[in-house]
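Everything below concerns the one structure shown next.
For reference, positions follow the sequence shown, starting with 1. The structure presented is a predicted model; accordingly, all values stated were derived computationally and were not measured. For ligands, and for the atoms within them, numbers begin at 1 and follow the listed sequence.
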Amino acid sequence: MSAGTRPTRVLALETSCDETSAAVLSGRGDAATLESLVILSQDVHRIFGGVVPEIASRAHLTAVAPVVRQALRDAGASLGDVDCVAVTNAPGLVGALLVGVSFGKSLAWSAGLPVLGVHHMEGHLFATSLEHAEAVPPFTALLVSGGHTLLIDVEAWGRYRLLGRTRDDAAGEAYDKVAKLLGLPYPGGPHVERMAAAAPDDANRGRGAPPLRFARPMLRRDQSPEDDDYYDVSFSGLKTAVLNAVRAEVRAREGAAALDGRVVTGAALPDPVRATLARAFQDALVETLVEKTARAAERYVRERIVLGGGVACNQTLVRAMAARAAAFGATVYAPSPRLATDNAAMIARAALFRFEQGERSPLGLNAFASMPLPGLVAH
Ligand code: KG4
Ligand code: ZN
């Protein structure tokens, strides 16, 4: 039977960063069923406060076979039941990607199956549709992860208008760096969100508290769609603003000498002060992302906004986006944390679309640290 008359079953691998993941998915068009998803997170990087590339590659190397075996077992499938082996081949840590790409190609070759390389960010675009049947094009997408911040108008699957991106730090990266400044563990996003929620209100801050409001980066009322920063974001200045506020707090408590020749950390600052800083940082970042996304949705008259990437776990962002979207009649769809952060289910879903388009990769498929999103159209 041809792939057109029965559902296609995809086995997908994802090893672009610090999760080793495999999934089995079958379906046709937008009717896709996730049959299994295994995600092994590499906790070892917490010790180092960030992902150590060689350690990530080696951890993928030990985990990849058992993770794939478990995904097939959970789906009650064998390689013989699979139509295509999909694997993330860009963007990401090259050494980490190479493990998945090599393993995926070997599997496909030994089983006589086609292999299909998938762009990691196209995976994030598809993730929410696995849980929300309405999260399908046309929609405005905001992808916010540790390595990328992309604002995309999705006219159809495979037709993407890249409207905006970060000029420097990604949203997740900004969270992780601010977490480090405040003495919070890696990955910092959830810790900063939790700490921000505990911030005292203005009346309780007392004298000498840091300013509660940081400037909104690249957000000005006089911007117009013709300006090249109308949709772009930038978070490195915001991070520096947090650093300066931390330094001011440390100086006020310990004297100027405390700043000499040391890496300044806010780890020892009182909790209400750290919480106030976390809240001010998050308010600025969230408002910027919400306004830029609203600009895109209003300009292209989209009724749906789809969030993706690890920062889409942030409930403050999701709630603020939903409230802003409601003002112009749009609905916001966010994935659950398991599908927001890196996983192979989203890679399988993107692969199903590409496979049905007739795409296949050669066995020479390579891995790349960066690569433009496929399907870009001019705007
Ligand atoms: O998409 P992802 O799992 O990996 C990449 O492709 O980068 O995103 C990881 C990022 C990290 O920077 C992490 O701090 C952030 O997502 N993150 C959050 C939250 N949960 C995870 N950021 C803000 N608030 C959260 N609740
Ligand atoms: Zn990701």
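- The backbone N or O of L339 lies less than 3.5 Å from a partner atom in the side chain of N343, making a donor-acceptor pair.
- Within 6.0 Å of CD in E54 there are 12 or fewer heavy atoms belonging to other residues, nucleotides or ligands.
- Using modelled atom types and a 3.5 Å distance limit, the side chains of T331 and E134 yield no donor-acceptor pair.
- Contact annotation for D176 and ligand 1: only side-chain heavy atoms (C-beta onward) come within less than 4.0 Å of the ligand.
- The residues R28 and E356 are annotated as not salt-bridged, no charged nitrogen and carboxylate oxygen being separated by less than 4.0 angstrom.
- An N or O contact shorter than 3.5 Å links G310 to ligand 1 by distance.
- For ligand 1, none of its N or O atoms has an N or O atom of E19 under 3.5 Å away.
- Which parts of ligand 1 touch G172 is read off a 4.0 Å heavy-atom cut-off, strictly below it: atoms 12 (O).
- Remark: ligand 1 atoms within the under-4.0 Å shell around heavy atoms of T341 are 3 (O).
- The G188 neighbourhood of ligand 1 comprises atoms 14 (O), with distances under 4.0 Å to a heavy atom of that residue.
- Taking 4.0 Å as the cut-off between side-chain N and carboxylate O, R221 and E291 do not count as a salt-bridged pair.
- If you look at Q315 next to ligand 1, there are no close heavy atoms at all, none under 4.0 Å.
- Residues R9 and D83 are not paired through a salt bridge, judged by the lack of any N-O separation under 4.0 Å between the basic side chain and the carboxylate.
- The shortest N or O to N or O distance between E193 and ligand 1 is below 3.5 Å.
- Neither the backbone nor the side chain of H148 has any atom closer than 4.0 Å to an atom of ligand 1 (non-hydrogen atoms only).
- At the shortest separation from atom 24 (N) of ligand 1 among protein heavy atoms lies N314 ND2, 2.9 Å.
- The option with the heavy atom closest to atom 7 (O) of ligand 1, from among A196, A174, G146, is G146.
- Between D229 and R220 a salt bridge is recorded (basic side-chain N to carboxylate O distance below 4.0 Å).
- Using modelled atom types and a 3.5 Å distance limit, the side chains of Q282 and Y175 yield a donor-acceptor pair.
- Contact check on R159 versus D153 returns no salt bridge, with no Lys/Arg side-chain nitrogen under 4.0 Å from an Asp/Glu carboxylate oxygen.
- Heavy-atom proximity to H120, at under 4.0 Å, picks out these atoms of ligand 1: 6 (O).
- When G189, G147, P337 are checked for heavy-atom proximity to atom 25 (C) of ligand 1, G189 turns out nearest.
- Per residue D342, closest N, O or S atom to the Zn ion (ligand 2): atom name OD1.
- In terms of N/O distances under 3.5 Å, ligand 1 is not approached by Y175.
- Side chains of E14 and S16: a donor on one and an acceptor on the other come within 3.5 Å.
- Atoms of ligand 1 found under 4.0 Å from any heavy atom of H124 (numbered from 1 in listed order, with element): 1 (O), 6 (O).
- Summary of contacts: the protein heavy atom closest to atom 4 (O) of ligand 1 is D342 OD2, 3.3 Å.
- Ligand 1 is approached by P190 to a heavy-atom distance shorter than 4.0 Å.
- Side-chain contact annotation: Y160 with E122, donor-acceptor N/O pair under 3.5 Å present.
- In this pair, W157 and F126 present their aromatic rings parallel. The plane angle is below 30°, not in the 30 to 60° band.
- Taking the Zn ion (ligand 2) as the corner point, the angle from H120 atom NE2 to H124 atom NE2 is about 90° (rounded to 10 degrees).
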